[in-house]
2 protein chains.
Amino acid sequence: MSDKIISPFFGQHNHAHCTQEALEQAEVSCAGKGLKLTALRKEVLTIVWQTHKPVGAYDVLEELRTRGHKPSPPTAYRALDFLVHAKLIHRLASLNAYIGCPAPDEGHQGQFLICTQCKSVAEIEDLRIIKAIDATAASTGFNANRQSIEITGLCGACESQT
Amino acid sequence: MSDKIISPFFGQHNHAHCTQEALEQAEVSCAGKGLKLTALRKEVLTIVWQTHKPVGAYDVLEELRTRGHKPSPPTAYRALDFLVHAKLIHRLASLNAYIGCPAPDEGHQGQFLICTQCKSVAEIEDLRIIKAIDATAASTGFNANRQSIEITGLCGACESQT
DNA sequence: CACCTTTTTGTTATAGTATTACATAACAGT
DNA sequence: ACTGTTATGTAATACTATAACAAAAAGGTG
């Protein structure tokens with residue numbers, strides 16, 4: 001099978017465990033790359049990981065406030081930018097929002113299934129898509145360096161509730 | 001070959017002809033669907049078609065002003081929304097901008113190659129990508145209804161100028 | 001045509017998203 | 001301790017998009 005689901009696919013799971021694992025991976029990953037996962041950045045990462053739904057920058061700000069900070073927008077955007085560059089989270093352009101990346105060290109690009117009903121997002125890695133894009137790039141001389149693939153629809157659970 | 005370039009791929013072409021054809025197609029397409037391509041909407045479509053670079057909503061507003069209108073934001077957004085729904089233009093989520101669709105009646109989804117250097121955008125339709133997405137959807141129970149595929153990089157021309 | 005309904009456009013205000021610019025503080029190496 | 005660098009705080013502002021209501025234009029019907 002050439003596609004791989006790399007986040008819990010709209011299913012039940014132990015989310016506390018899921019989040020904790022992401023945080024531990026983040027520590028390791030940053031240490032390995034010489035990046036500094038400061039207290040603030042870690043807190044923002046935790047906030048993003050609270051759900052598998054995308055979180056907006058101003059949601060992060062709000063949440064930081066409930067945790068005793070008094071942040072203004074650049075605080076959130078800077079932390080989010082750092083996390084994106086560290087490949088710990090992804091930005092979903094179609095939603096202006098962020099979501100935790102469950103596999104920061106696999107060098108994958110973002111491919112997302114976004115449920116319009118329950119708002120959950122699953123990240124996938126489909127080698128056929130990557131290959132197809134590479135092939136098109138090669139055939140046209142286009143030198144691709146980033147792909148943003150965002151597919152919206154209804155997840156199985158929401159579909160069956162109709 | 002399973003992929004198709006459906007807009008001039010970063011190459012030279014007779015753009016006046018290109019634009020005019022798009023406008024004529026738009027007339028026909030709207031007539032066929034019972035949609036009203038009003039003077040304002042047509043003017044906005046023309047503005048979007050001025051280049052193969054994406055155009056922002058406020059660019060459209062600006063351009064409308066130079067043409068004697070005194071529009072406020074909703075004027076531009078409404079016309080752009082109409083054109084998107086009529087499948088005459090696409091919105092590029094990663095750029096908050098719009099670009100003309102050269103093949104409005106082919107029912108395709110948007111797949112775009114975006115050159116970060118010259119800002120040109122080419123639209124492609126790669127059946128392998130579509131099939132790969134359908135396959136993933138089928139295998140997970142996800143019911144996809146819209147895809148947004150935006151690939152950024154350097155086009156051949158800009159690459160060779162390096 | 002006169003009337004009514006629907007759609008489109010105008011207008012004002014405001015909501016939501018993101019960045020610039022500069023100040024202060026924390027950190028790392030000498 | 002000193003210094004250069006990185007991170008965070010703060011204020012202001014730019015950019016993107018929509019809500020809500022008013023006016024005008026277009027289309028249908030008796």
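Lettering of chains follows the sequences in order, A, B, ..., and the numbering in each one begins at 1. These figures come from a predicted structure and were not determined experimentally.
Pairs passing the salt bridge (Lys or Arg N to Asp or Glu O under 4.0 Å) check and including a residue from residues 33-52 of chain A, sequence neighbours excluded, read E27(A)-K42(A), E43(A)-R67(A).
Side-chain polar atoms of N143(B) and E159(A) form a donor-acceptor pair below 3.5 angstrom.
Residues from residues 57-83 of chain A with heavy atoms under 4.0 angstrom of DNA chain C, sorted by number: Y58(A), P73(A), P74(A), Y77(A), R78(A). Of all the residues in residues 34-43 of chain B, K36(B), T38(B), L40(B), R41(B) reach under 4.0 Å from DNA chain C with at least one non-hydrogen atom.
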For this session: Map every base of DNA chain C to its dot-bracket character, where paired means a Watson-Crick or G-U wobble contact with both distances under 3.5 Å and | marks a partner outside the strand.
Result: ||||||||||||||||||||||||||||||

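For H15(A) and H13(A), the ring centers are positioned less than 6.0 Å apart.
In this structure, R91(A) places its CZ atom 13 Å from C1' of dT19(C), rounding to the nearest Å. For Y98(B) and dC15(D), the OH to C1' distance is 13 Å, given to the nearest whole Å.
The ring pair (Phe, Tyr, Trp, His ring centres under 6.0 Å) search around H69(B) returns none, not counting sequence neighbours. When the ring pair (Phe, Tyr, Trp, His ring centres under 6.0 Å) test is applied to F112(B), the partners found at least two apart in sequence or on another chain are H90(B).
Of the possible polar contacts, one joining the T140(B) side chain to the T136(B) backbone as a donor-acceptor pair under 3.5 Å is found.
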Exercise. Yes or no on side chain to side chain contact (heavy atoms under 4.5 Å, CB included) for E123(B) and C101(B), after CA distance, side-chain angles and deciding distance?
Worked result: CA-CA 8 Å; E123(B) 180 170 358; C101(B) 174; 4.0 Å; yes

For this session: Decide side chain to side chain contact (heavy atoms under 4.5 Å, CB included) for S120(B) and C155(B); before the verdict, give the C-alpha distance in whole Å, the side-chain angles of both, and the deciding distance to 0.1 Å.
Result: CA-CA 8 Å; S120(B) 285; C155(B) 71; over 6 Å; no

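Using a 4.0 Å cut-off, some side-chain N or O of N96(A) falls inside it from OP1 or OP2 of dA18(C).
V44(B) and I99(B) end up in different hydrophobic clusters when Ile, Leu, Val, Met, Phe, Trp and Tyr side chains are linked at under 4.5 Å.
Of all heavy-atom pairs between A135(B) and R128(A), the closest is CB-NH1, 3.6 Å.
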